[in-house]
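Below is one structure, written out as structure tokens; the observations come after it.
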Amino acid sequence: MSTPANDPRQPSAAKPFVSPPVNPQDLPVDYSGFIAVVFGIAGVMFRYKLSSWLAIIFCAQSLANMRNIENDLKQISMAMMFAIMGLVTNYLSPMRPGTKS
Amino acid sequence: MVKLFSLCISFFLLSLLFLSLSPSYVLADPHFEGFEPEIDDLEDDDLSLPLTDLPLRSSLLTKSDPEPAGISSPDRDSDVPDPVDEPLDPQSPPSVSDSPKPSPTSFSYWDEDEFEGLPIEQPQEPAQQSSKSAEDSATTDQNSDSKPNSPIPKPANVSKSYTVEIVCGSFLVIFVINYFTGKRENENVALSWASKFATKDSIFERNFSLLGVGEGEDSPLLLKEGQNIFKFYASGRRYCQGLLATMELKSRHDLISRLYNMVVPCKDEISFEVYMNDDAMDHIIFAVARKKAAKGMQKDLNDLQRFAGILAPPSGRKWVPEELSVISESKEVAADLITETVLDQVFGEKSFEKFGKYFISMHFSDQHPGMHKKMLLFKFALPDANNMADISRLVALVPYYIDAIGRYKLSSQARSKAEAARSKAAQEAYKELQNARQEALQKRKAEKKKLMEEAEAKLGAEALRRKEAKDRAKQMKKAMPKIKMSRTR
């Protein structure tokens, strides 16, 4: 398996690395970001504490797996906004009659 | 580490179980319809039973609890005394007149015998209270001999349950801790691979003149694309333009993915893409993979589907082990590429037992879809950071096959077959393109026709008549016999 005696290296043929342009459609779908948005909206609309907490957890997952800042940050920021809004409305606003947390 | 995470999982499962079983989430409806006793039956029972034997009821009014235990209502928190809390004299049966009357504001009509929907008692006027207290003192003087009942203690407000907050908060804390530990683990795996195969006097340093993703001497070896994706680039070698190695590691930094991977296990993988020079690679389509994966590859990959087929093992010579399948355009190519050296080092029966567990697939093609047509693809699993030497023979396949394919030339018969197949494929592709173009043209024509018809529909009746008249005149002209005019002298 050893290489032949003559050197296979060719410095003249060396080409520097150019990162290929990434098409946003080719990137894997950010499911956790989407789930975070869904839970965040549910938390704000229906005043479910658990939904808001889950939205924050999925936001954290989405942030941890973020690859392309330009494409992912919009969705994550939106999810985070809804999650925080949900927690604020659940804990700091007066309770509506007939709601269960 | 695994023990720690299994403990974490068990903790979360228990906490979720507790959360689902906690009484604050179970809202029971105290009212059940259809179980009220019949009035006639009650009357009969009252007649038959001797009244002296019955124990005296503390209160004639029963109060249905509108909310479950443990959930405090604002009414309970108020300073209004509860009728149950008052000490009752067992000797004196309270009359119906003594029973507390509902507030007139809540109900216009109140039925004494109605037990459903009792209104909330409101504090009486001070004048009424003073008169009542006088009556109470009189009754207590009369019944001073009898023992007073000890007052029933009022249930204390159950403190709010913070189970959700505790569970989610602790999960977030563990998530953050795991993020940093997992990130470090992945970096260790990537760095151990680089130190084994991409540093001084290593296999890639001996084969490529340019290593790393940057320009210059001190360029970084690895490019970190995500927390679990690392890339290594090498260039400056005969027969090829360059090599790109991509390490796709487990998502150790993500706790949710980590828990999922405990249920559905996955491996750390490394894939090598070798971009061959156009003149260095002949018409070769060849792949080796495990049997299941090989079937999937042949279905999914366009070039293997069009040009290649799974080969049966040849008789009378050494071949790859039974777990592997060979996909090739011709038997000649397969026989020439699976050499004795490769069988001894990696794909032989004995050597594959040792090193084969990390092998996933190899795929060489001159018809690869994408920017680079001629490519060699290698896919291996990665061992732990401490056992990186286990894949050294597999990694050695990369430069070996670059040279083997760079030097390899097909026989005239195999070449003519391959060229015929490629020209046929090219013709099919061209036909498909033509069909697509024709369809597009037809669509455009149909759209134009529709637009014309719509325009005609918009035109007025007079304009239509004029148009029809013009058309008629044209047709008449066409129908008229042609007269040739000639000048006579």
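Note: hydrogens, waters and symmetry copies are ignored here, and every other heavy atom, side chains too, is used. Letters A, B, ... mirror the listed sequences (proteins, then strands); counts begin at 1. Everything numeric in this text was worked out from a predicted model, so none of it was measured.
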Find the one option among B/H253, B/Q227, B/Q241 whose heavy-atom pairs under 4.5 Å with chain A are most numerous.
B/H253
Less than 4.5 Å to any heavy atom of chain A: does that hold for the side chain of B/F175, its backbone, both, or neither?
side chain
Verify whether one side chain among B/T246 and B/Y233 offers a donor that lies under 3.5 Å from an acceptor in the other.
no
Engaged part of B/I203 at the chain A interface, taking heavy atoms whose separation is under 4.5 Å:
neither
Within the 3.5 Å criterion, strictly below it, is a donor on B/R258 or B/N178 matched to an acceptor on the partner's side chain?
yes
Is B/I402 close to chain A through its backbone or its side chain, or both, or neither, when contacts mean heavy atoms under 4.5 Å?
neither
Apply salt bridge (charged side-chain N to carboxylate O under 4.0 Å, His left out) to B/E248 and list each qualifying residue two or more places apart in sequence or on a separate chain.
none
Listed partners of B/E269 passing salt bridge (charged side-chain N to carboxylate O under 4.0 Å, His left out), at least two apart:
none
